[in-house]
Amino acid sequence: MMKPSINTARNYFQNCSLPRLTNDIAAEREYFNRKGYYQPIYRRVLPTDRERGKLYPIFGDGTKLLSHFGIGIGMYFVQLLFLGILLFIAGLIMVYGIISYAPSNYGITSSSSFLSLTAACPDLISVLADNCSDISTCDAVYRPNCEIPYNVILVDIIMCSFLSATLVLSKLSELKYEERLDEAIQSSQDYSIEVTDPDPDATDPDEW
């Protein structure tokens, strides 16, 4: 009986557990005969393949290899990438609004320059004072006495418009990309026909 080995476990994890890819020779040959030039085409390594290929790259091959993992996983990572880029751009847009708080009377008195850009309003104004028993004692209600900078409102409108437009474009591009992934994953069900009411004498599949 083999003793537990870290090297054996690591080798199994690298070559069997992690997804790997290899060149699809038949598909590359068919592509060359059809187009006239070489184009590398990959497929996912199967558990029965003796040639273990290489690990899937993290960068460099775009999203075209996601079709190897199915439509669901492919669409998930495409949307994740899109939302990451979208929120990054939205954050850059909001930087201008954040800076707009600096020249106004917003901010917290602090030695940190970062806290001076917050939207906290330290200036208060009394709007209600009652139960004044004497000159020095009253129950007062205060509200913030700061005006919202115009640039902050403008940036919010721009960002909301940008998010609305890009989400609509995302939905349209999602439908096209889903079609591309579906075409890249061809199976027998794509060419199958289900007959629900065959004739009693319909026993020859070639006839159908």
Side-chain angles (χ1 to χ4, degrees), residues 1-95 159 162-198 202-208:
M1 182 176 180
M2 181 182 297
K3 295 182 180 180
S5 172
I6 294 179
N7 292 332
T8 302
R10 183 183 296 111
N11 182 67
Y12 181 85
F13 176 73
Q14 289 283 341
N15 292 281
C16 299
S17 298
L18 294 178
R20 306 178 73 89
L21 79 162
T22 186
N23 289 82
D24 192 337
I25 304 301
E28 290 178 347
R29 186 181 298 112
E30 179 183 354
Y31 187 91
F32 180 81
N33 294 334
R34 188 173 67 253
K35 298 291 186 177
Y37 59 90
Y38 172 76
Q39 173 70 29
I41 301 176
Y42 301 99
R43 65 173 178 84
R44 188 172 179 177
V45 174
L46 301 176
T48 55
D49 291 336
R50 296 181 60 88
E51 177 61 40
R52 302 311 300 166
K54 61 180 181 180
L55 293 173
Y56 277 85
I58 299 178
F59 303 103
D61 286 293
T63 58
K64 59 184 178 181
L65 297 180
L66 293 176
S67 61
H68 297 177
F69 301 93
I71 297 178
I73 295 179
M75 292 305 303
Y76 168 77
F77 281 104
V78 168
Q79 286 293 340
L80 193 65
L81 177 62
F82 173 79
L83 288 177
I85 298 175
L86 173 63
L87 294 178
F88 177 75
I89 297 176
L92 293 180
I93 295 175
M94 289 303 298
V95 168
M159 189 192 67
F162 169 74
L163 289 177
S164 300
T166 50
L167 288 177
V168 172
L169 293 176
S170 169
K171 183 60 179 179
L172 297 177
S173 62
E174 176 184 340
L175 298 176
K176 294 184 179 180
Y177 193 79
E178 183 179 358
E179 183 178 351
R180 285 178 52 194
L181 289 178
D182 186 46
E183 292 176 353
I185 309 172
Q186 298 295 326
S187 59
S188 58
Q189 64 181 0
D190 296 318
Y191 307 97
S192 301
I193 300 176
E194 180 181 0
V195 181
T196 57
D197 58 343
T203 57
D204 186 3
D206 294 332
E207 180 181 353
W208 286 85

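Positions are given from 1 along the sequence.
Note that CZ of Arg44 and CZ of Arg20 are 12.0 Å apart. Values are rounded to the nearest 0.5 Å. Note that CD of Gln79 is 8.0 Å distant from NZ of Lys171, once rounded to the nearest 0.5 Å. Interatomic distance, Thr166 OG1 to Leu83 CG, rounded to the nearest 0.5 Å: 9.0 Å. Here the CZ-CE distance, from Phe77 to Met75, works out to 13.0 Å after rounding to the nearest 0.5 Å. Taking CZ of Arg52 as the reference point, atom CG of Leu46 lies at 8.5 Å (rounded to 0.5 Å).
Heavy atoms only, all atoms of each residue included: Tyr37 and Phe32 are closest at C-CD1, 3.4 Å. Annotation for Leu21 and Pro57: closest pair CD2-CD, 4.1 Å, computed over non-hydrogen atoms. When every heavy atom of Pro19 is checked against every heavy atom of Tyr56, the shortest pair comes out as O-CD1, 3.3 Å.
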Which side-chain N or O atoms in residues 8-15 pair as donor and acceptor under 3.5 Å with protein atoms at least two apart or in another chain?
| from | atom 1 | to | atom 2 | distance (Å) |
| --- | --- | --- | --- | --- |
| Thr8 | OG1 | Ser5 | OG | 3.3 |
| Arg10 | NH1 | Asn7 | OD1 | 3.2 |
| Asn11 | OD1 | Asn15 | ND2 | 2.8 |
| Asn15 | ND2 | Asn11 | O | 2.8 |

Enumerate, atom names and distances included, each donor-acceptor pair closer than 3.5 Å involving a side-chain atom of residues 85-93, sequence neighbours excluded.
none

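Here Asp24 pairs with nothing under the salt bridge (charged side-chain N to carboxylate O under 4.0 Å, His left out) rule; sequence neighbours left out.
Arg43 pairs in a side-chain contact (heavy atoms from CB on, under 4.5 Å) with only one of the listed residues (Ile25, Asn23, Thr22), which is Thr22.
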